[in-house]
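By convention here, the first residue in the shown sequence is residue 1.
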Amino acid sequence: IDTLFPLEDAFANYRNIKANAPVKMIAYCSGHALTGCPYPGGASGYPGGSDGEAPLYQNRIVAWLDRYVKGLDVYTGPRVEWQAQDGLYYGARTFPLPATRLVAGQTMDTGTLVGPGPGGGDGPDDGNPAPGSELGTTAAREPVLGPFGRPRSILGIPQVRLTGSVTGVQGFVFLEVVDVAPDGTRVTVDNQVMPASLAGGAVNQSVALHGIAWRLQPGHVLELEITT
């Protein structure tokens, strides 16, 4: 889960290689993360402690090389694995995940937003949800998905359609998906913030956000947040 080389790059590589050769994709919390990996157990895959065991993703890499370089008959794990915010790895036989369906989120009305915000805009170096003091002026957010009665795996690229207008020659907005717990705690999903440049005048533009790997827990809601 990387804020410099986000998951959409891995998804594209997986699809391209899959058409011609054996391939495995594994997404884990490491790399160029804003604050390091906050998941229990880090990227190890052992939230309760590893007892000296190497991180799961490292074991998978070694197993893959043993099989496809050395020709050994070893288990390489599911063809698709991803780490969720609970620190655990989940597996599937292919990507998109089996039984994946496109879920249309709810429509949100931001009203008029001005910018940039007090911090100069919500960018890749600040993935935290906007403070309440900015809502209605430089930021807006609304629930778009959930809650559900059981956990839902989310592995893919969210799509957002922006409609409205920009006053001036050009405008910039920053979009992020936020997980909201029943107690109101907000966490930006995978710390991913997508900037979008909008030309002045009428806007009707589709924006692909950064790829995410997440588990939406029962009672949790996903919000879309837009800041300037």
Side-chain angles (χ1 to χ4, degrees), residues 1-39 42-45 55-65 68-69 76-98 100-103 105 121-128 152-162 172-179 187-198 205-216 222 224-227:
I1 314 303
D2 194 318
T3 54
L4 180 59
F5 303 108
L7 279 179
E8 60 266 29
D9 296 343
F11 298 155
N13 289 337
Y14 172 84
R15 287 190 173 102
N16 290 334
I17 297 173
K18 184 182 177 183
N20 300 287
V23 62
K24 175 184 175 70
M25 179 173 66
I26 183 165
Y28 57 92
C29 180
S30 187
H32 305 84
L34 290 177
T35 57
C37 179
Y39 298 173
S44 71
L56 185 142
Y57 73 89
Q58 292 183 6
N59 288 334
R60 294 290 197 240
I61 292 171
V62 172
W64 185 268
L65 293 174
Y68 290 99
V69 176
T76 60
R79 285 304 174 100
V80 175
E81 290 186 273
W82 71 99
Q83 190 182 25
Q85 72 275 18
D86 57 10
L88 297 173
Y89 284 78
Y90 297 86
R93 63 181 182 272
T94 188
F95 174 83
L97 302 182
T100 292
R101 61 189 181 90
L102 181 65
V103 178
D122 189 3
D125 59 344
D126 178 13
N128 296 320
R152 298 293 182 99
S153 294
I154 302 174
L155 185 68
I157 303 174
Q159 301 279 336
V160 174
R161 177 161 292 280
L162 301 174
F172 295 91
V173 293
F174 302 87
L175 304 111
E176 58 193 273
V177 179
V178 178
D179 183 312
V187 177
T188 299
V189 172
D190 287 340
N191 274 337
Q192 297 290 358
V193 179
M194 174 59 79
S197 173
L198 307 175
Q205 181 173 326
S206 182
V207 179
L209 276 59
H210 289 309
I212 57 176
W214 201 254
R215 290 273 285 182
L216 186 63
L222 288 185
L224 175 64
E225 180 174 289
I226 302 177
T227 56

_Walk me through whether Ser44 and Leu56 qualify under side-chain contact (heavy atoms from CB on, under 4.5 Å)._
CA-CA 6 Å; Ser44 71; Leu56 185 142; over 6 Å; no

*Please lay out, stage by stage, how Arg152 and Arg215 fare under the test side-chain contact (heavy atoms from CB on, under 4.5 Å).*
CA-CA 6 Å; Arg152 298 293 182 99; Arg215 290 273 285 182; over 6 Å; no

*asked:* Please evaluate residues Ile226 and Leu162 with respect to the criterion side-chain contact (heavy atoms from CB on, under 4.5 Å), reporting the C-alpha separation (whole Å), side-chain torsions for both, the decisive distance (0.1 Å), and the verdict.
replied: CA-CA 10 Å; Ile226 302 177; Leu162 301 174; 4.1 Å; yes

*Walk me through it: do His210 and Leu7 pass the test side-chain contact (heavy atoms from CB on, under 4.5 Å)?*
CA-CA 7 Å; His210 289 309; Leu7 279 179; over 6 Å; no

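Inter-residue side-chain proximity for Ile26 and Ile61 is flagged as unmet; no heavy-atom pair is nearer than 4.5 Å. The shortest side-chain heavy-atom distance between Thr227 and Val173 does not fall under the 4.5 Å cut-off. When side chains are defined from C-beta on, Val178 does not count as touching Leu222, because their heavy atoms never get closer than 4.5 Å. Side-chain contact check for Leu209 versus Glu8: every heavy-atom pair is 4.5 Å or farther apart. Residues Tyr14 and Lys24 form no side-chain contact, since every pair of their non-hydrogen atoms from C-beta on lies 4.5 Å or further apart. Side-chain contact check for Pro22 versus Tyr68: some heavy-atom pair is nearer than 4.5 Å. In this structure the side chain of Met194 reaches within 4.5 angstrom of the side chain of Val207, judged on heavy atoms. For the pair Met25/Ile17, no side-chain contact is recorded, criterion being any heavy-atom separation below 4.5 Å from C-beta on.
The heavy-atom pair separating Ser197 from Gln205 by the smallest distance is O-NE2, 3.5 Å. Summarising the geometry of Gly45 relative to Leu88, their closest heavy-atom pair is O-CD2, 4.2 Å, with the distance given to 0.1 Å. Pro78 approaches Ala92 most closely through the heavy-atom pair CB-O, 3.6 Å. The two residues Leu155 and Ala213 come nearest to each other via the heavy atoms CD1-CB, 3.5 Å.
Under the rule for a side-chain hydrogen bond (donor to acceptor under 3.5 Å, both in side chains), Trp64 has no partner lying at least two apart in sequence or in another chain. Shown here are the side-chain hydrogen bond (donor to acceptor under 3.5 Å, both in side chains) partners of Asn13, two or more places apart in sequence or in another chain: there are none. The side-chain contact (heavy atoms from CB on, under 4.5 Å) check on Gln159 picks up Ile157, Ser206, Ala208, with sequence neighbours excluded. With sequence neighbours excluded, the residues satisfying salt bridge (charged side-chain N to carboxylate O under 4.0 Å, His left out) with Arg60 are Glu81. Remark: Thr188 engages Glu176 in a side-chain hydrogen bond (donor to acceptor under 3.5 Å, both in side chains) (not counting sequence neighbours). Applying the side-chain hydrogen bond (donor to acceptor under 3.5 Å, both in side chains) criterion to Arg93, with sequence neighbours excluded, gives no partner residue.
Trp82 pairs with exactly one of Tyr89, Tyr90, Phe95, Trp214 by the side-chain contact (heavy atoms from CB on, under 4.5 Å) rule, that one being Tyr90.
With Asp9 contributing its side chain and Phe5 its backbone, the two residues share no donor-acceptor pair below 3.5 Å. Distance alone, capped at 3.5 Å, is enough to place a donor-acceptor pair between the Gln83 side chain and the Gly42 backbone.
Between Asp190 atom CG and Ile154 atom CD1 the span is 10.0 Å, to the nearest 0.5 Å. The distance from atom CG of Leu175 to atom CD of Gln192, rounded to the nearest 0.5 Å, is 13.0 Å.
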